[in-house]
Amino acid sequence: MISVQPYYKVERVVTPLEQQTVTHYRTLQLYESKIVSAYREFPLSEVYDLSFKRIGDNPGHGVLYLHAKQGVFPYMVEKDPANFINEFMKLMKKSAPGKGSGFL
């Protein structure tokens, strides 16, 4: 494993008696050939880019977007994903030497 990025998913659970908000903490894991989330696996050959949009005043809080062949997948983060994105970029440059970044 090369890098790990924590993310979270907020779920609202409604029962006949109450409404609860449940936060699930998970991780994105970057490997030499794939990125793995709690329920998906993305081969790096099908990942075009990673981007981050900050939300609010906290510099690390925002949405990490994974741009893949299957679509764009948002992941809510509380920790700045710069290291995770940088490690991804290094892998992409290593896998396509002389061709630029390989992104759209």
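When a residue number appears, it is its place in the shown sequence, counting from 1.
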Which distance, rounded to the nearest 0.5 Å, do you find between the CD1 of I2 and the CG of L30? 5.0 Å
Show the nearest heavy-atom pair for residues S51 and H67, with the distance to one decimal. OG-NE2, 2.8 Å
State plainly whether one hydrophobic cluster holds both L64 and L44, where clusters connect Ile, Leu, Val, Met, Phe, Trp and Tyr through side-chain heavy atoms under 4.5 angstrom apart. yes
Can you list the steps and then say if E32 with L91 is a side chain to side chain contact (heavy atoms under 4.5 Å, CB included)? CA-CA 7 Å; E32 290 267 342; L91 278 178; 4.0 Å; yes
Just verifying a value: how many Å separate E11 CD and H24 NE2, rounded to the nearest 0.5 Å? 4.0 Å
Do you know which two heavy atoms are closest between P74 and V63, and how far apart they sit? CB-CG1, 3.7 Å
Let me check something: do V36 and L66 share a hydrophobic cluster, defined by ILVMFWY side-chain heavy atoms less than 4.5 Å apart, either directly or through other members? no
F84, M89: one ILVMFWY side-chain cluster at the under-4.5 Å cut-off? yes
Residue pair F42 / Q70: nearest heavy atoms and the distance that separates them: CD2-OE1, 4.0 Å
List the atom of Y7, the atom of S37, and the distance in Å for their closest heavy-atom pair. OH-CB, 3.5 Å
Could you list all the side-chain hydrogen bond (donor to acceptor under 3.5 Å, both in side chains) pairs where at least one residue sits in residues 52-64, not counting sequence neighbours? Y8-H61
Nearest 0.5 Å, what's the CD-OG distance between E41 and S33? 8.0 Å
CZ/F52 to OH/Y65 distance, rounded to the nearest 0.5 angstrom? 10.0 Å
Walk me through whether V22 and V10 qualify under side chain to side chain contact (heavy atoms under 4.5 Å, CB included). CA-CA 6 Å; V22 179; V10 177; over 6 Å; no
For residues D80 and Q5, report the shortest heavy-atom separation together with the two atoms involved. O-OE1, 3.8 Å
Do you know which two heavy atoms are closest between S3 and N83, and how far apart they sit? OG-ND2, 3.8 Å
Taking the side chain as C-beta and beyond, is there a heavy-atom pair between Y75 and R26 under 4.5 Å? no
Should M76 and V72 be counted in the same cluster of Ile, Leu, Val, Met, Phe, Trp and Tyr side chains packed under 4.5 Å apart? yes
Stepwise, does the side chain to side chain contact (heavy atoms under 4.5 Å, CB included) test hold for E78 with Y25? CA-CA 10 Å; E78 295 176 326; Y25 291 94; 3.8 Å; yes
Test side chain to side chain contact (heavy atoms under 4.5 Å, CB included) on T27 and Q29 and set out the steps. CA-CA 6 Å; T27 59; Q29 301 165 356; 3.3 Å; yes
Distance, nearest 0.5 Å, that separates CG of L50 from CE of M92: 9.0 Å
